[in-house]
Q: 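Structure incoming, see below.
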Amino acid sequence: MNKIFITLLYVLAHCCNIYAQENHVLENKYLKREFSIDKYLHTVSITNKQTQVSQSPFYCEEFSLRFSDGTDKTGTDFVLTSKDFAIKSNKDYTWKGKNPGKGLQFTLKNERYKITVDVFYELCEKDAYLHKYLVINSEKARTLERIDIDQLSCEGAYQPYNKNTITAQAYGNWSPGLGQPIYNYVNATFWGVEFPAASNTATNQQIKLGYLYGKQILPNKPYRSYKSVMGIADDPLYISDAFFDYINNIRIRPLRLQIQYNSWFDHGREINEQKFEQSAKNVYQELVVKRGVAPLRAYVIDDGWQDLSLSKLNEKDGVWTINDKFSKDFKKTHATMKELNGKLGIWLSPGCYFGGKKMVRPLKENGYEALASGMSMTGSRYMDKLENRILNFTRQGVCYFKFDGLFGNLGSREFDVTENAIPIMPQIIRKDMSANDFRLNDPMYDEFKMYYIVAGTERLMQIMRKQHEINPDIFIALTNGAYLSPWWLQYADVIWLINCGDAPRGCKDRSEELVFRDGIYHNTFRIENAQYPLSSIFNHEPKKKSAGESPEEFKKYLFMNLSRGTSFIELYLKIKNMSQQDWDILAEGLKWAQEVFPAIKRIKMLGGDPTLQQIYGYSGWNENQGYISLHNPSDKEKTFSIHLNRDIGIIKKFQNFSISSPLGHDQEISKRQWNYGDILTLKIPAKSIKLLTFKE
């Protein structure tokens with residue numbers, strides 16, 4: 001009788017939607033996350049099985065949604081969290097295949113506002129990270145202003161990168177802080193949203209993973225959010241290593257070495273078909289034929305190929321058509337590339353900056369969405385035309401795109417803050433403000449500038465995703481005007497070294513040139529602590545423009561440059577000034593870069609601040625090999641010691657690694673075999689570099 005009574009109570013409880021103390025768990029061999037649906041959905045514990053640490057949030061609202069019933073600030077704003085929703089149902093599910101896993105789904109309903117949210121958590125068996133996303137349905141049309149997919153407070157949560165500089169007018173000061181992860185030193189976890197323009201924050205240990213949206217959700221048209229991620233590391237000191245492993249796992253194309261020639265420093269805007277063909281053939285002959293370098297992946301026509309007259313504006317391609325210096329659709333150039341075992345790459349400015357600025361006025365006069373000096377990245381008419389052109393180039397065989405000038409350039413950024421672009425336009429935006437008005441530097445406008453960045457980012461993502469569908473081997477660089485987010489790598493291959501110009505000015509020698517660029521690296525990745533893999537940086541080097549420098553000077557510069565560990569080596573050469581010895585050195589450097597490429601996934605910067613004349617360098621390792629570079633930019637000899645351990649990126653406790661050097665520095669070291677944990681001490685003369693490679 002008692003059993004029957006208990007069974008009836010259980011059935012009644014479920015029929016009445018009572019879920020008292022019912023917990024749900026999602027776990028694999030790496031991690032576990034446990035949820036409660038007692039009163040409302042919330043996370044009750046997170047366990048890192050690698051470190052054997054379990055942690056309970058001291059406060060959890062699980063997610064947050066900010067809505068507006070109106071189309072501007074006269075509407076009614078309201079915020080809903082999981083506490084405002086009744087739990088209607090839940091289920092677990094599994095999937096099989098290449099990446100089998102398990103999932104949990106919770107269906108929640110807010111009766112007052114007639115909003116339903118389905119919350120999904122998914123975990124693959126082999127992954128050390130868990131995904132979460134929301135599907136939102138509103139019975140009334142409402143504007144979803146912001147969505148935070150995860151919102152919980154945990155001891156130890158912190159924000160490695162804290163800059164939030166969304167400037168309109170400020171040379172070299174553009175750091176929006178978008179798309180950066182959150183870490184937790186207690187349970188060794190990393191967190192974020194898989195969207196480049198997400199704003200992930202940890203304020204007073206409250207984690208908020210979300211982004212501005214600013215668009216309407218219409219009845220019977222559910223909105224699916226981007227996914228958030230929660231991953232684990234095996235040690236709180238090395239969360240970034242685990243995070244970068246995760247980024248390498250989700251990037252759209254595998255990390256690969258891209259070596260290419262760029263025409264900019266060779267010919268500038270005076271480039272034409274004949275000049276480009278001759279330069280490409282010279283590079284191929286000197287490096288590939290004569291010196292045995294592997295064929296370059298691409299030869300790139302930089303600024304100068306575009307038709308600024310816009311004579312074909314009303315035709316199918318319309319924008320960014322080819323001028324009369326090149327054959328139709330680059331047909332002849334494509335044929336030349338085939339002879340060189342390479343492919344054609346091109347420069348293009350989506351926002352019509354730099355060499356595209358002359359297009360802006362006629363585009364505006366023809367009804368396309370222009371800003372103060374460039375084009376709107378959210379203007380549907382212009383962006384549709386641009387997408388069509390880019391996809392046509394991709395179909396025709398262009399395999400590399402340098403998208404230069406997205407939201408502006410090094411000195412000035414632009415934001416479409418018109419009522420047409422931002423449906424929740426605030427009254428605080430003045431009608432007399434231009435898109436790059438210096439008054440927009442004020443943080444009071446940040447949210448509305450970010451709406452434009454979010455929408456423009458999404459539009460670029462759509463184009464790049466379609467390019468990948470056409471050619472899965474395409475290579476895309478996002479350069480000037482972009483921002484550093486590792487989640488860009490779900491769409492592109494390399495991102496610009498933010499706030500860094502093409503070349504240093506006024507440098508007396510190559511050592512000072514290195515200090516200029518490496519100083520930006522140090523400030524960005526060591527001082528500001530940006531979380532982004534150095535292996536996927538576009539840094540606008542190496543260069544060889546002038547004759548007369550000694551072979552030793554060029555060689556030191558080149559190898560130190562290559563040791564930064566970027567997978568993207570774009571050669572900026574003035575070919576007429578290249579001696580045979582220069583070609584020898586360049587070939588030697590490229591062969592070395594190909595040899596050590598497997599070791600650059602976790603490249604790390606070592607030492608001090610280059611701009612303070614302190615010794616610094618780079619270290620890259622995999623299981624079987626590694627290298628260390630050091631540069632002493634000062635006028636005095638200095639001694640530097642390195643501990644061969646995990647701090648510099650060594651991922652295996654190796655024994656008996658042999659040491660060598662492409663520059664002969666191994667001859668200065670008496671010990672020939674090195675083990676994990678050893679301390680290596682080097683004397684580095686003034687204005688000199690040391691480069692050592694290690695192999696099993």
Side-chain angles (χ1 to χ4, degrees), residues 145-148 159-182 191-203 208-214 226 247 350-351 353 371 374 376-378 403-417 421-422 429 435-461 478-492 494-501 520 523-525 527-533 536-538:
E145 297 187 7
R146 181 179 170 90
I147 175 171
D148 285 297
Q159 197 170 329
Y161 185 81
N162 287 292
K163 288 207 72 174
N164 184 28
T165 310
I166 312 175
T167 52
Q169 295 290 337
Y171 186 87
N173 188 15
W174 163 243
S175 304
L178 298 175
Q180 285 287 304
I182 302 302
W191 303 72
V193 177
E194 291 181 338
F195 174 48
S199 49
N200 307 310
T201 60
T203 305
K208 297 186 74 170
L209 311 178
Y211 53 95
L212 292 168
Y213 186 59
Y226 294 103
I247 289 295
Y353 298 100
L371 301 176
S376 172
M377 301 295 292
T378 59
F403 290 141
D404 192 19
L406 307 183
F407 299 104
N409 55 49
L410 190 62
S412 174
R413 271 69 54 190
E414 297 194 299
F415 310 93
D416 194 338
V417 291
I422 302 175
I429 296 286
N436 61 358
D437 198 300
F438 73 93
R439 290 171 290 183
L440 287 174
N441 285 351
D442 194 319
M444 71 182 290
Y445 302 117
D446 280 0
E447 184 164 302
F448 303 97
K449 291 178 282 185
M450 283 172 60
Y451 276 115
Y452 172 64
I453 297 171
V454 166
T457 295
E458 286 191 308
R459 193 65 186 89
L460 283 168
M461 286 161 46
L478 299 179
T479 65
N480 217 312
Y483 54 88
L484 275 181
S485 167
W487 281 289
W488 271 123
L489 299 176
Q490 295 175 109
Y491 308 93
V494 292
I495 311 297
W496 171 57
L497 180 60
I498 198 166
N499 296 321
C500 193
I520 303 292
N523 184 67
T524 304
F525 300 108
I527 303 299
E528 296 176 357
N529 208 18
Q531 299 299 295
Y532 183 89
S536 297
I537 282 289
F538 167 81

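Remember, it's a predicted structure, so these values are computed and weren't measured experimentally. One is the number of the first residue; the rest follow in order along the sequence.
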Q: Using every non-hydrogen atom in the two residues, find where I498 and A482 come nearest and quote the distance to one decimal.
A: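 Residues I498 and A482, closest heavy atoms: CD1-O, 4.3 Å.
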Q: How far does OG of S175 sit from CG of N162, to the nearest 0.5 angstrom?
A: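 That separation rounds to 12.0 Å.
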Q: As a quick check of understanding, evaluate side chain to side chain contact (heavy atoms under 4.5 Å, CB included) for N480 and L410, giving each step before the final call.
A: CA-CA 6 Å; N480 217 312; L410 190 62; 4.0 Å; yes
Q: How long is the straight-line distance from CD1 of I453 back to CG of L212, given to the nearest 0.5 Å?
A: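 With rounding to 0.5 Å, CG (L212) is 10.0 Å from CD1 (I453).
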Q: To the closest 0.5 Å, what do you measure between CG (N409) and OH (Y171)?
A: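 With rounding to 0.5 Å, CG (N409) is 9.0 Å from OH (Y171).
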Q: Between N499 and T524, does a side chain to side chain contact (heavy atoms under 4.5 Å, CB included) hold up when you go through it step by step?
A: CA-CA 9 Å; N499 296 321; T524 304; over 6 Å; no
Q: Is there a side chain to side chain contact (heavy atoms under 4.5 Å, CB included) between F195 and E458? Walk through the geometry before answering.
A: CA-CA 9 Å; F195 174 48; E458 286 191 308; 3.7 Å; yes
Q: Where do A170 and R413 come nearest, in terms of heavy atoms and distance?
A: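 Shortest heavy-atom separation between A170 and R413 comes out as O-NH2, 2.8 Å.
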Q: Please identify which of these residues, T457, I495, L406, meets the side chain to side chain contact (heavy atoms under 4.5 Å, CB included) condition with Y483.
A: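 Filter result, single survivor: T457.
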Q: Y213 side chain to V454 main-chain N or O, any donor-acceptor pair under 3.5 Å?
A: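 Answer holds: no.
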Q: What's the separation between atom NZ in K163 and atom CD in Q180, rounded to the nearest 0.5 Å?
A: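 Answer rounded to 0.5 Å: 12.0 Å.
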Q: List the steps, then state whether side chain to side chain contact (heavy atoms under 4.5 Å, CB included) holds for L440 with F415.
A: CA-CA 9 Å; L440 287 174; F415 310 93; 4.2 Å; yes
Q: Under the 3.5 angstrom rule, does the side chain of T165 hit a backbone N or O of T167 as a donor-acceptor pair?
A: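 It does not hold such a pair.
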Q: What closest approach, in Å, do N200 and G210 show between heavy atoms, and which atom pair accounts for it?
A: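 Scanning both residues, the minimum pair turns out to be OD1-N, 3.7 Å.
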Q: For M377 and P350, work out which heavy atoms get closest and say how close.
A: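 Shortest heavy-atom contact: CE-CB, 3.7 Å.
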Q: Provide the closest heavy-atom pair for G456 versus T378 in the form atom of the first, atom of the second, distance.
A: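 So the minimum-distance heavy-atom pair works out to N-CG2, 3.5 Å.
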Q: Tell me whether E414 contacts the main-chain N or O of S412 through its side chain, where contact means a donor paired with an acceptor under 3.5 Å.
A: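 Absent.
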Q: I need the minimum non-hydrogen distance between N441 and Q169, along with the two atoms involved.
A: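 So the two residues come closest at ND2-O, 2.8 Å.
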Q: What is the distance from atom OH of Y226 to atom CD of E194, rounded to the nearest 0.5 Å?
A: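 Interatomic distance, Y226 OH to E194 CD, rounded to 0.5 Å: 11.5 Å.
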